[in-house]
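What's counted below: heavy atoms across the whole structure, side chains too, no hydrogens, waters or symmetry copies.
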Number of protein chains: 2
Amino acid sequence: MDHSLPDILIKQLNHFSPLGDTDIEALYDRMTSLDIAKGEYWLREGQVSSHIGFLISGVMRVYHLANDKEYTSYFNFGQRNPFVSSFTSFTKRIASQENIHAITDCSMIVISHADLEHLYETHPAIDRLGRKMAEYNYMLALERIYSLQHRSAAERYNELLSIYPQLVNMVPHHYIASYLGITPESLSRIRKEK
Amino acid sequence: MDHSLPDILIKQLNHFSPLGDTDIEALYDRMTSLDIAKGEYWLREGQVSSHIGFLISGVMRVYHLANDKEYTSYFNFGQRNPFVSSFTSFTKRIASQENIHAITDCSMIVISHADLEHLYETHPAIDRLGRKMAEYNYMLALERIYSLQHRSAAERYNELLSIYPQLVNMVPHHYIASYLGITPESLSRIRKEK
DNA sequence: CACCCGCATTGATGTATGATAAGATTTTCA
DNA sequence: TGAAAATCTTATCATACATCAATGCGGGTG
């Protein structure tokens with residue numbers, strides 16, 4: 001892509017692990033920008049996830065379909081959770097069980113699996129960056145496990161509110177409910193309490 | 001330590017990411033073996049986790065204490081889940097909220113944070129290995145999130161049975177219940193159904 | 001051997017959340 | 001703009017799981 005990777009991407013990646021000029025140059029060469037309009041899909045169940053994305057703006061949602069219900073794996077939104085992927089599909093090169101779509105108009109910077117592997121092979125600093133990102137995502141996942149394991153639905157909702165105050169105004173509530181592991185009706189009751 | 005890292009460790013690490021002879025040599029120099037007797041603690045809440053461990057044999061348990069209750073974060077047991085740590089404490093160098101203790105006599109190979117960082121700096125193959133391990137742990141965490149989010153207690157118990165058939169005979173049931181996010185009474189009822 | 005004491009079980013009851021159905025509200029778009 | 005669709009709420013009832021209390025079991029220790 002042209003020499004215009006958004007500052008926010010460089011800044012965030014540098015925050016995970018410092019990159020040299022040649023590393024950033026290599027990223028320039030392999031990453032491309034991708035805009036997705038509200039409602040559009042980036043990945044459908046059954047496909048092998050070919051790219052991983054870094055979300056610049058908007059809200060994306062990863063969900064799984066079973067028994068006629070949607071199970072929201074997670075949202076990508078803001079700087080806390082910018083890595084968009086069906087991670088297991090992307091990493092293991094297997095069919096995804098998940099769908100990924102844009103809840104609002106979205107802007108991403110993406111890279112293909114082959115290109116990322118190539119960068120890992122040729123740029124140790126990027127390999128390290130990959131490690132830092134995986135460690136970060138793992139720690140986020142541990143927090144979520146703890147929350148699901150030990151907190152009530154109302155507590156989980158309040159946690160979500162405190163972490164992403166704006167999210168609740170941007171996405172349909174039944175998606176939020178599904179993310180929390182409850183029904184839309186239960187979420188409605190929880191919200192009424194307050 | 002002496003030149004006798006267990007084959008199982010080398011084999012498992014190689015399975016994550018291939019290591020050269022010099023990498024393995026470097027691991028030899030920095031890793032030490034550590035045995036912990038049944039009931040002993042490896043880490044107490046409030047301490048900063050100084051080492052990460054690879055479990056060779058036995059069962060370890062990571063748990064958190066709150067409101068007079070024990071919340072079991074996870075078990076380390078067998079080859080599926082060999083990395084023992086309070087990961088956030090170890091990675092961020094902050095006080096751990098978790099305790100780690102041996103449920104049975106345990107044997108581990110451990111490495112200090114400083115030594116691991118040094119290996120990451122000097123051996124790109126080990127940095128890559130770290131990435132693969134983090135990615136692996138992340139994928140395991142995603143599975144657990146899905147299970148907690150969308151499955152009933154009985155389903156989660158059966159999952160656990162199918163993944164670690166022997167575990168239920170080796171650890172007190174109230175630990176298992178806590179891991180599943182339910183009370184010992186509920187677990188007892190689930191088991192009676194079968 | 002007998003006594004604990006931690007653990008597992010069982011029963012009775014309470015509560016949070018799910019299921020179903022109906023209505024109200026908002027959004028979409030022809 | 002107006003009708004249809006999607007979403008949100010509310011109500012009722014059902015169920016899974018928690019809580020509380022009591023009993024039983026089993027292994028360690030005097």
Quiz item: Side-chain contact, heavy-atom cut-off 4.5 Å: A:L13 with A:L9?
Solution: yes
How many Å lie between [atom1] on [X] and [atom2] on [N], as a whole number?
X: B:N67; N: D:dA18; atom1: CG; atom2: C1'; answer: 14 Å
X: B:K192; N: D:dC17; atom1: NZ; atom2: P; answer: 15 Å
X: A:L187; N: C:dG18; atom1: CG; atom2: C1'; answer: 14 Å
X: A:I182; N: D:dA16; atom1: CD1; atom2: P; answer: 18 Å
X: B:E185; N: C:dT10; atom1: CD; atom2: P; answer: 12 Å
X: B:R189; N: C:dA12; atom1: CZ; atom2: P; answer: 11 Å
X: A:N158; N: C:dA16; atom1: CG; atom2: C1'; answer: 15 Å
X: A:E193; N: D:dT10; atom1: CD; atom2: C1'; answer: 13 Å

Exercise. Decide if the gap between the ring center of A:F16 and the ring center of A:Y136 is smaller than 6.0 angstrom.
Key: yes
Quiz item: Counting distance only, does the side-chain N/O of B:T91 pair as donor-acceptor with the main-chain N or O of B:T88 below 3.5 Å?
Solution: no
Quiz item: Do the side chain of B:D115 and the main chain of B:I111 share a donor and acceptor less than 3.5 angstrom apart?
Solution: no
Base, sugar-phosphate alone, or nothing: which one does [X] contact when heavy atoms must sit under 4.0 Å apart?
X: A:G39; answer: nothing
X: A:T183; answer: sugar-phosphate
X: B:P184; answer: nothing

Quiz item: Which word best sums up how the rings of B:Y146 and A:H64 line up, parallel for under 30°, tilted for 30 to 60°, or perpendicular for over 60°?
Solution: perpendicular
Self-check item: C:dG18 OP1/OP2 closer than 4.0 Å to side-chain N/O of A:K69
Solution: no
Quiz item: Phosphate oxygens OP1/OP2 of C:dG18: is one of them under 4.0 Å from a side-chain N or O of A:S186?
Solution: yes
Quiz item: Considering only D:dT7, C:dA19, C:dA8, which nucleotide approaches the side chain of B:H173 most closely?
Solution: C:dA8
